[in-house]
Amino acid sequence: MSIRSRRWAKTLVPVAMVLMVMCLLSREPLAAMGSVGVSSSIGQAEAAIRKAFNSTVYAEGAGANVSSLIARLNEAGDLLTRAEVAYGNGDLSQAEDLAGQSLTAANSVRDDALTMRDSASAATRSLVSLSVVSWAFAFPVFILFLGIVWSLFKRFYSRRLMKSRPEVASDAEA
Amino acid sequence: MLKLEDYKVVFVSAGLIGLLLLASPVLSLAIHLPGGGEEFSELWILGPGRMADAYPFNVTGNVNYLIYVGVGNHMGSSKYYAVYVKFRNQTDSLSNATSGVPSSLGQLYGYKVFLQDGQEWSAPLTFSFSNVSSLGGQLVVGGLAINGATYSVNKPSSWDAEYNGFYYQLLIELWIYDAQNDLLRFHDRFVGLWLNVTAPQ
């Protein structure tokens, strides 16, 4: 081994040792940081699910059929449960992955719920407008119809009254 | 024969009824009458055959047991439920449905359930105990696995001389999402499964 190589070795060995010690010392904080990150992802997924559910309820209130959204919410909830289990078992990467999937699914449900709510609200507004216009037309027609029926009935009643009018008869013999 | 005035009263009444009938589709869009019936939720557990029998009772360590948990929504609209599984011994706090207070024990496993009005949900709940050891008049359950997730519980139980056994309870609580406060709150419903745990031979 040359002198130059020895010098390199003398420099590199302590550096490598320092790096190894640093790695060993930093494992715990790194794991803790990862744990905090996953916990935050799970929290975000939970919040997204609550928002998605609220949007679904609004869509349902507006008259939309939300059965498909409810099914997808159950899937998002199941993914979140699995993420929590993985987190509890210490499988942070899987927990992160599942929480991310749950978050994506929940956000997708929320977007679709908002679209469905808007469509349902528009459909309801159209229905109300159509009903009001129809009623505005039907109301005078119905009143006119009632007037005609009443006048016909009055005529019929008067005729019947005239027919049944008692005639004055004289029984005096001439 | 009725007078014309009498007929007029009948005619006006019939006309008003007709008008109401004619306006009913428009009125139904504007006026929402409350739906009749009581609003409630159901929570139940069934045995391994999905019947209300053959529940696990005499249990031991390292054996898998199966029950089914179910929820029914009759609240009049879609609801978000959480079903929490807790594990207690005879001295741990129990949920109180009357005062609406859940057990102070932490949840081990939680299902998230979304149901439309009139819908029901049920799911299997498998559980097993590990590190069950007995020492003198005490038994300790070290670990509990629920649906594949393992939890370290280290829960002791004293000998129950009245019923001859070491008793634990799998406590299942129903929580519901409160949109106003944006949180899940105890829904005053819980079921429990008593288990007589013995250490494996």
Side-chain angles (χ1 to χ4, degrees), chain A residues 46-47 49-54 56-61 63 65-67 69-82 84-90 102 109 124-125 127-136 138-139 141-143 145-147 149-150 153-154 157-158 160-161 164, chain B residues 1-8 10-12 14-16 18-30 32 73 76-85 107-119 121 123 145-152 177-184:
Chain A
E46 270 176 354
I49 282 179
R50 289 200 297 271
K51 280 182 185 166
F53 175 71
N54 285 334
T56 304
V57 170
Y58 293 144
E60 188 178 44
N65 180 1
V66 296
S67 41
L69 297 179
I70 290 289
R72 284 163 58 195
L73 273 171
N74 276 311
E75 285 167 19
D78 187 45
L79 284 166
L80 183 57
T81 298
R82 285 164 56 196
E84 286 168 347
V85 168
Y87 179 70
N89 288 345
S102 176
V109 169
T124 307
R125 275 198 299 274
L127 188 66
V128 169
S129 307
L130 186 70
S131 302
V132 169
V133 167
S134 306
W135 197 73
F139 181 72
V141 169
F142 186 68
I143 296 292
F145 171 74
L146 286 178
V149 170
W150 177 243
F153 177 75
K154 259 192 349 188
Y157 183 84
S158 302
R160 216 172 146 194
L161 203 67
S164 64
Chain B
M1 192 174 174
L2 284 171
K3 287 180 191 171
L4 189 64
E5 285 304 309
D6 298 330
Y7 278 116
K8 199 174 183 178
V10 173
F11 194 77
V12 168
L16 284 173
L19 267 177
L20 274 174
L21 287 174
L22 197 71
S24 59
V26 181
L27 291 175
S28 70
L29 292 171
H32 296 283
N73 175 12
S77 62
S78 295
K79 293 290 167 200
Y80 168 19
Y81 296 101
V83 179
Y84 292 141
V85 184
Q107 63 167 82
L108 296 176
Y109 190 88
Y111 297 90
K112 288 159 187 67
V113 185
F114 300 86
L115 291 175
Q116 282 186 280
D117 182 41
Q119 268 190 328
W121 164 92
I146 301 173
N147 291 342
T150 50
Y151 305 95
S152 176
Y177 175 63
D178 178 351
Q180 272 191 327
N181 299 308
D182 192 29
L183 49 81
L184 287 157

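The chains referred to below are lettered A, B, ... by the order of the sequence lines, with proteins before strands, and numbering in each begins at 1.
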How far apart are the C-alpha atoms of Lys8(B) and Lys154(A), what are their side-chain angles, what is the distance that settles it, and do they pass the side-chain contact (heavy atoms from CB on, under 4.5 Å) test?
-> CA-CA 9 Å; Lys8(B) 199 174 183 178; Lys154(A) 259 192 349 188; over 6 Å; no
Between CZ on residue Phe53(A) and OH on residue Tyr80(B), distance to nearest 0.5 Å | 9.0 Å
Is it the side chain or the backbone of Ile146(B) that comes within 4.5 Å of chain A heavy atoms, both, or neither?
-> neither
Considering all heavy atoms, the nearest Leu146(A)-Gly15(B) contact = CD1-CA, 3.9 Å
Indicate whether the side chain of Asp78(A) and that of Tyr111(B) have a donor and an acceptor atom separated by less than 3.5 Å.
-> no
In short, Arg50(A) meets Tyr177(B) closest at the heavy-atom pair CD-CE1, 3.2 Å
Can you tell me how far the OG1 atom of Thr150(B) sits from the CG atom of Asn89(A), to the nearest 0.5 Å?
-> 4.5 Å
Between the CD atom in Gln119(B) and the CG atom in Asn74(A), the distance rounded to the nearest 0.5 Å is 8.0 Å
Tell me, yes or no, whether the heavy-atom count around Phe145(A) atom CZ, taken from other residues, nucleotides or ligands under 6.0 Å, exceeds 12.
-> no
If you take all heavy atoms of Ser78(B) and Val57(A), which pair is closest and at what distance?
-> O-CG2, 4.2 Å
Least distance between heavy atoms, Val85(A) atom then Ala149(B) atom = CG1-CB, 3.2 Å
Kindly say whether the aromatic ring centers of Tyr157(A) and Tyr7(B) come within a distance under 6.0 Å.
-> yes
Contacting moiety of Asp182(B), where chain A heavy atoms sit under 4.5 Å = both
Under a 4.5 Å heavy-atom cut-off, does chain B meet the side chain of Ser134(A), its backbone, both or neither?
-> neither
To the nearest 0.5 Å, what is the distance between CG (Leu19(B)) and CH2 (Trp135(A))?
-> 6.5 Å
For a side-chain contact (heavy atoms from CB on, under 4.5 Å) with Phe114(B), tell me which candidate from Ile49(A), Leu69(A), Thr56(A) qualifies.
-> Ile49(A)
Between Gly110(B) and Thr81(A), the two heavy atoms sitting closest are O-CG2, 3.1 Å
Where do Glu84(A) and Lys112(B) land on the salt bridge (Lys or Arg N to Asp or Glu O under 4.0 Å) test, with the steps shown first?
-> CA-CA 11 Å; Glu84(A) 286 168 347; Lys112(B) 288 159 187 67; 3.0 Å; yes
